[in-house]
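What follows is a set of notes on a single structure, which appears directly below.
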Amino acid sequence: MPRTVLLVILWAAVAAVLVALPHALSFSQQEILVFMTINLLVVASYRLLTLTGEWSLGHVVIVGVGAYASALYTKELGIPVPVSMLLGACTSALIAMGLSYPLFRMKGFYFLIGSFAAGEIIRLLWKRFREPFGGPKGIKGIDPMPDFSIGIWDFDFFEPVSYYYFAGAVVALCLWLLWRIERSPVGLTFHAVHWQDKLAQSAGVNVRAYRTLAFVVASGFAGLAGALGAHYIGTINPNGFDVETMVFVLTWTIVGGTATFYGPLMGCIALTVLNEIVLREMGFEQMRPLIYGAVLILSILFLPKGLESLVQKLVKPRRVEP
Amino acid sequence: MNPFLEIDRLTMRFGGLTAVDGLSFTVEHGAIHGLIGPNGAGKTTTFNAISGFYRPSGGEVRLRGEVISGLSMHEVARRGVIRTFQHSTLFAEMTVLENALMGTHMAFRPNVFAAIVGWDREDRRGAYARAVEALEFFGLEGLRGERAGDLAHGHQRALGMAIAYAAHPDVVLLDEPFTGMNPEETTRMMELMRKLRDSGVTILIVEHDMHAIMGLCDRITCMSFGKLLAEGGPAEIRSHPDVIEAYLGGARHVS
Ligand SMILES: Nc1ncnc2c1ncn2[C@@H]1O[C@H](COP(=O)(O)OP(=O)(O)OP(=O)(O)O)[C@@H](O)[C@H]1O
Ligand SMILES: [Mg+2]
C-alpha cells in the first residue's frame, strides 16, 4: 500500500525533526520547548473535554492537582518519580470524578462558572493548608526524574534536552491515546452528546455518564501533564495554576480551533513561538497578557474557525469507515 | 398476560396548562397505532411523557407490565422504546452514516479501553453493518457521506427513523414522520412502516396526513385538548362524529 508507506515515511520524518529540534535551539529555548511539549498535552486533554460541549475553567487547576499529588507522593511517601506521576494522573481523574457529581448538574454557562468555583476552592485549600500543600509558597525541592541510561545514552533529567525526550515520548504516547479515543465510537458519542443530547439520549446514550467520562479522562491526562511539569521545574505553588494560566490555555485552544484534534495543538505551538521566541527576542515579554488578548480578539474576528481552518481548506476531511 | 404498551391516566401539566389530561389507551404488540388530534391536542407531549423526556404529573406508562414513566430517556430507550422528534432533530454536523451509527449505541456499547487497545473491531464492524442496513432500509445508502444538516427535509425525516431503526426497537414512537415528504415519498415510507411492523416492531405514530394514517393504522386513538376523544379502527374513526367535530372545530378555529 503506497499510502501506508507514505505515512510511515512522513511520520519518521516528523520524529526525526522532533529529535533533532532541541539541538538547533539555545538553552533557554530548549527549556521553552519542554514547557511547550507539556502544554500540548494540556490543550489536547482540554479538547477531549470540549468534545462533549462543556468548557471548563478549572482545567488548569486539575493540571495542578496532578502536579501537587505527584510531588507529595514522592516527598511524603517516597514513591519513585515515574510511578508517582502516574498516581498523580489518577488523582486528578479521581478528583474530577468527585467534582462531576455537583458540576454535571449544570450545563453550558453554569458549568463554566461552576468549574471556575470548584477550581478556586481547590486552590484555596492549597493556600490554606501549609501541611501538606506548603501554603501560598507551595512545594519546593520536588524530586527530579532519576538519571538513567539506555546503552550509550545517558539521560540527566536536569538537562532540558533529556527531559524534552522523556516528556516528548510521554506526551506523544498520550496524544496517540487521545487520538484513538476521539476516533473511536466513544469519541463519536462525545460528539453526539455535544450536538444533540436529546437525540443521543433517545438512542440510549447515558449523556451524564459520557460527560463524566470525558471529564475524568481529560483530567487524568491533564494531571499527568501537571506531574511532568512539577518534576521538571522542581517547585510548584497555587499561583502557577491560576485563572490567568487558564486564559492562556483557552487562548491556545480558541486560536487553534476546536473542530479538529490538531487545532488546539497548532494554537499552542503558534502562540508559544510567537510569545517566547519572537516577543522575548524583541523584549516585549512584559506585555504577554496584552498581546494574548489582542491575538485572541484578532483571531475571533478574522479567523473565527481557528488556525485549523487553514489546514482544513487544504486537506479534505476523511469519512468514517470501519 | 399484560398489555404491551399501556398509557394509564397519563397527565402532564405545565404550570396552569394541562396538556395531557388523564389519557388512557393501550397499544397492541405488533400493531401500527395512530395518535391523532388537532394542533395543540397534546400528542407530542404524550410522546415526551412516554419516552421519558418529561416526568408525568400523574398516571403511568407501562411496557409489558413494567412502569417506565419517570425513568430517564436513555433508560426508556434501553427497554426498547425509541422515539423520533417532530422537528428534524439530527446530529446535523455529523455525516449520515455517523448518525446511523449512533443508533447502534445500545447494541454495541462503546468502551474506552477496548477502543484504545483495538479489541472492539468486531463491535465496530457489527455497528457499521447495522448502520448501513438501516440506511439501506430507508433508501439513504447513497447519501452516507453527506452532512446530515445538508439533507433535503424528507431525507432528514427518513434519517431520523433510520437512527431509531438501527437501535433494534421493540416500539418506535414516530412524531409526524411524513412532514416534508412528497406523495411518492410518503407512499414509499408507508410501505416501509408496514415492513417494519411485519418484522415485529410496534409502531405508535402521530401524523396529520389523514390519508396516510387511515391507510396505515390498525388502530387509532384520537385526542383533543389532552383528553381521549375516540378510539377504534380507521373506518370507525373516520366516521366518528366527535372526531369530525374536533377537526372541523379546529379548522374553524385556525381559519
Ligand atoms: N414545555 C412546555 N411548556 C409549556 N407548555 C407546553 C410545553 N409543551 C407543550 N405545551 C403546550 O401543551 C399543549 C400541547 O402541545 P403538544 O405539542 O403536545 O401538541 P401536539 O398535539 O403535538 O400539536 P401539534 O400537532 O401542533 O404538534 C400546547 O398548548 C402547548 O402549547
Ligand atoms: Mg406535536
Side-chain angles (χ1 to χ4, degrees), chain A residues 45 48 50-53 93 104-105 173-221 258-260 305 312 316-322, chain B residues 48 51-53 72-85 89-95 97-99 101-118 120-121 123-129 131-132 144-149 160 163-164 166-167 169 173:
Chain A
S45 62
L48 185 74
T50 62
L51 279 189
T52 60
F104 283 115
R105 292 177 181 281
L173 176 68
C174 291
L175 292 184
W176 181 75
L177 291 175
L178 286 165
W179 167 256
R180 293 275 293 182
I181 293 173
E182 181 173 335
R183 298 314 297 263
S184 77
V186 179
L188 186 65
T189 311
F190 286 151
H191 278 290
V193 165
H194 179 187
W195 293 117
Q196 255 307 332
D197 55 346
K198 293 290 164 276
L199 182 57
Q201 270 178 308
S202 72
V205 177
N206 184 344
V207 164
R208 178 93 174 259
Y210 269 84
R211 289 211 165 100
T212 306
L213 179 68
F215 188 46
V216 168
V217 173
S219 298
F221 284 105
T258 49
T260 61
K305 294 201 168 142
Q312 275 175 314
K316 286 236 181 72
R318 296 231 313 277
R319 301 298 185 197
V320 196
E321 296 289 334
Chain B
N48 283 337
S51 66
F53 189 62
S72 58
M73 209 143 84
H74 70 270
E75 284 168 324
V76 174
R78 285 173 192 188
R79 282 163 179 74
V81 182
I82 309 287
R83 57 100 43 103
T84 65
F85 292 83
T89 299
L90 295 170
F91 305 112
E93 302 292 327
M94 300 180 359
T95 65
L97 178 62
E98 286 170 333
N99 271 268
L101 278 171
M102 282 312 299
T104 68
H105 178 86
M106 289 189 290
F108 306 95
R109 207 67 78 72
N111 176 302
V112 183
F113 296 104
I116 291 172
V117 186
D120 60 352
R121 289 259 163 75
D123 280 353
R124 286 196 207 196
R125 232 174 262 138
Y128 175 78
V132 169
R144 58 152 87 176
E146 301 290 316
R147 194 177 152 276
I163 296 172
L173 312 180

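Nothing here was measured: the structure is a model prediction, and the numbers come from that model. In what follows, every chain begins at residue 1, and chains take the letters A, B, ... in the order their sequences are listed.
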Could you give me the CA-CA distance, side-chain angles and deciding distance for Arg180(A) and Val186(A), then say whether side-chain contact (heavy atoms from CB on, under 4.5 Å) is met? CA-CA 10 Å; Arg180(A) 293 275 293 182; Val186(A) 179; over 6 Å; no

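- A side-chain donor-acceptor contact under 3.5 Å links Glu75(B) to the backbone of Ser72(B).
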Give the intermediate values and the outcome of side-chain contact (heavy atoms from CB on, under 4.5 Å) for residues Phe91(B) and His191(A). CA-CA 9 Å; Phe91(B) 305 112; His191(A) 278 290; over 6 Å; no

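- Using a 4.5 Å cut-off on side-chain heavy atoms (C-beta onward), Met102(B) and Met94(B) make contact.
- Leu173(B) approaches Ser51(B) most closely through the heavy-atom pair CD1-CB, 4.2 Å.
- In this structure, the separation between CD1 on Ile116(B) and OG on Ser184(A) is 8.0 Å, given to the nearest 0.5 Å.
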Walk me through whether Gln196(A) and Leu90(B) qualify under side-chain contact (heavy atoms from CB on, under 4.5 Å). CA-CA 7 Å; Gln196(A) 255 307 332; Leu90(B) 295 170; over 6 Å; no

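- Applying a 4.5 Å heavy-atom cutoff, the residues of residues 197-209 of chain A that approach chain B are Lys198(A), Leu199(A), Ala200(A), Gln201(A), Ser202(A), Ala203(A), Gly204(A), Val205(A), Asn206(A).
- Within the 4.5 angstrom heavy-atom criterion, no atom of Phe190(A) approaches chain B.
- Comparing Glu93(B), Arg121(B), Arg109(B), Arg83(B) by heavy-atom pairs within less than 4.5 Å of chain A, the highest count is held by Glu93(B).
- Side-chain atoms of Asn111(B) come within 3.5 Å of backbone atoms of Ala114(B) as a donor-acceptor pair (strictly under, hydrogens ignored).
- Two residues are said to be in side-chain contact when any heavy atoms from C-beta on lie closer than 4.5 Å; Leu101(B) and Pro185(A) fail this criterion.
- Of the atoms belonging to Thr89(B), heavy atoms from both backbone and side chain fall under 4.5 Å from chain A.
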Arg144(B) and Thr95(B): side-chain contact (heavy atoms from CB on, under 4.5 Å), yes or no, with the steps? CA-CA 7 Å; Arg144(B) 58 152 87 176; Thr95(B) 65; over 6 Å; no

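- Taking the ring centroids of Tyr210(A) and His105(B), they lie under the 6.0 Å cut-off.
- For a residue to count as touching a neighbouring chain, one of its non-hydrogen atoms must lie under 4.5 Å from one of that chain's; by this rule Val132(B) does not touch chain A.
- One finds the CD1 atom of Ile181(A) at 10.0 Å from the CH2 atom of Trp176(A) (value rounded to the nearest 0.5 Å).
- Heavy-atom distances place no part of Phe108(B) under 4.5 Å from chain A, backbone and side chain included.
- Residues of residues 213-221 of chain A lying within less than 4.5 angstrom of chain B, judged on heavy atoms, are Leu213(A) in numerical order.
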